[in-house]
Amino acid sequence: MNPDQLGTRLPTLAGEGLQLRWLTEADLPSLQAIFADPQVVRYMATEPLGTRAAAEQYLQSIREGFLEGSLYQWGIELEGEIIGTCTLAAIDRQNRHAQIGFALKRDCWGRGLILKAVPAVIEFAFKRLQSHRIGADADPRNVASIRVLEKLGFQREGLLRECYFHMGEIQDALLFGLLQRDWFAAAGHRNDGSQSVKPVD
Ligand SMILES: CC(C)(COP(=O)(O)OP(=O)(O)OC[C@H]1O[C@@H](n2cnc3c(N)ncnc32)[C@H](O)[C@@H]1OP(=O)(O)O)[C@@H](O)C(=O)NCCC(=O)NCCS
């Protein structure tokens, strides 16, 4: 049973001109199309989803993460199509912390779309989960991801040297963090975090 009383699935969240929603089996072809691309997963902790079976296993791990309350991964839907995902991972209720990650299919890059989606998930973490801090990491070569994090207000906090072995190479990770009070201050929100996120459904 989900520990955040979310019922049987994630709530749909409203982004700017798009929505973030629970992924179903009907989304398997889209998930595979996004994550089969080695350029999409190059700096992610995910192997390319080469087969339908791999995509099914991926969806299954999303469902298990939801039930455990350790990983919440929304599909980003634009004009009826899943074009990417945004994820809260390593959800830690005791320390009120979660890690954020995001990805778009390649033909959607460079249009500013991720910045229309990620704020809804940040708000969910800070308001609904009462997270105090959201962390993120990015390979120093992943310029787009670093730019997105900095535009959202994440601060650089350090560098982990050679901490991942992925896609046949050892990778560094720049560490980023965003504090709840900084997010609300920047967004002009009240700083008490008492509002609950308003899901679409
Ligand atoms: C990270 C990602 C979601 C960015 O989404 P996006 O919607 O394409 O991002 P944007 O269009 O807002 O571009 C982000 C910024 O990076 C810049 N940028 C992108 N690629 C760049 C490059 N190779 N060199 C320099 N700047 C680059 C863009 O110009 C933009 O900056 P600007 O807003 O100042 O113009 C997308 O690139 C992606 O899915 N990557 C693969 C998955 C991944 O690595 N996720 C992050 C790890 S969790």
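Each ligand, and each atom within it, is numbered from 1 in the order the structure gives.
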message: Taking atom CD as the centre, does Gln57 end up with more than 12 heavy-atom neighbours from other residues, nucleotides or ligands that are less than 6.0 angstrom away?
response: no
Side-chain H-bond candidate by donor/acceptor type, [X] with [Y], under 3.5 Å:
X	Y	result
Asp137	Tyr164	yes
Gln60	Glu64	yes
Gln73	Thr85	yes
Gln19	Trp74	no

message: Could you tell me if the side chain of Lys151 sits less than 4.5 Å from the side chain of Leu115, heavy atoms only?
response: yes
- request: Compile the protein residues with any heavy atom at a distance under 4.0 Å from an atom of ligand 1; present them by chain, then by number.
  value: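 The 4.0 Å shell around ligand 1 contains Val40, Met44, Gly101, Phe102, Ala103, Leu104, Trp109, Gly110, Arg111, Gly112, Leu113, Ile114, Asn142, Val143, Ala144, Ser145, Arg147, Val148, Lys151.
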